[in-house]
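Remarks on the structure that follows.
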Amino acid sequence: MVRVKVVQFLRGSRQGLLLLFALMVSTLALTGCRSVPVTDRTQLMLTSSSYENRLGEEAYAEYKAQYPRSTNAEYNQALARCGKAIVEVAGQKDFNWEFLVLESSTQNAFCLPGGKVAVYSGIMDLMNNEAELAFVVAHEIAHAIARHSGERISWGYLQSLGGLLVAVGFQNDTINGVYGTGTELGVMLPFSRSNESEADQIGLLLMAEAGYNPRAAVQFWSRFSSNSSNGLFSSWLSTHPCDSDRIKAMNDQMGVAEEAYKKARSPKGYGVTFHHK
């Protein structure tokens, strides 16, 4: 009888729904926490690495079916070299690493959960040398070893749960809309920007430990973003930090990266210079 009354209270009152939500969030926060490698930031993690890696495998197969593999021997060899060097210092033993250059004008790269790395030839066309490629690859690998995908999924679960409780508790389209916009702008987008900043920090250190001059990261990003015109509002709505903030953060972290570079077992400097056809 008492249990029935409690359930009726939770279902029938806004305070009860909010209490239920708070209890669920507290429970999840206590049971689903993990520390990010390198930065030691505590993150919410409600998914398993095996689940994330399986999703990565499936998505990677789709990308390989969609895009042809580049026949540029210089690009393929450079990616194989820097990928191997970064994997050696990444300390991720349970990934089944794979590196591909995909033929596309897209100026992007990614590393899916489980160590599935792809770099589009379009972004490699903008690189001067192997060290710049190493930064891009290390940044993407940083996303994977930090399990940012799983973290995003975990926070998405909470966002969806909160939206459901608000919808049930208030049954008001305006309030529901405010909740959706507020959590997207106030939580999910800044969260994504923080992921990018964290990947820059981890990636800068990884490339340096792998033996690549970390100064190449700033050189590449300054050139890559030179035509960008991010204003305050557009950068606020972006999932990435604005370019000037990103470059400043890299320069702020350069001292630590250069110390790691000095201690690298196999210094490579800027590596091979690319000869774009």
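For this chain, numbers begin at 1 and follow the sequence in order.
Taking a cutoff of 4.0 Å between a charged side-chain nitrogen and a carboxylate oxygen, Glu130 and Arg81 qualify as a salt bridge. Using a 4.0 Å cut-off between a side-chain N of Lys or Arg and a carboxylate O of Asp or Glu, Arg54 and Glu57 do not qualify as a salt bridge. One finds a salt bridge joining Glu132 and Arg223 here, because a Lys/Arg side-chain nitrogen approaches an Asp/Glu carboxylate oxygen to under 4.0 Å.
Counting only heavy atoms from C-beta outward, the side chains of Asp200 and Trp221 never approach each other to under 4.5 Å. Two residues are said to be in side-chain contact when any heavy atoms from C-beta on lie closer than 4.5 Å; Tyr120 and Phe110 meet this criterion. In this structure, the side chains of Phe220 and Asn129 stay at 4.5 Å or more apart for every pair of heavy atoms. Counting only heavy atoms from C-beta outward, the side chains of Ile123 and Asn108 never approach each other to under 4.5 Å.
The aromatic rings of Phe99 and Trp97 lie parallel to each other, their planes meeting at an angle below 30°, with 60° marking the opposite boundary.
A distance of 5.0 Å separates CD1 in Ile145 from CG in Leu206, rounded to the nearest 0.5 Å.
Of the N and O atoms on the side chains of His143 and Glu198, not one donor lies less than 3.5 Å from an acceptor on the other residue. Looking only at atom types and distance, the side chain of His276 has no donor-acceptor partner in the side chain of Glu74 under 3.5 Å away.
Residue-environment remark: OH (Tyr63) stays at or below the threshold of 12 foreign heavy atoms within 6.0 Å.
Pairing each heavy atom of Ala217 with each of Leu204, the nearest pair is CB-CD1, 3.6 Å.
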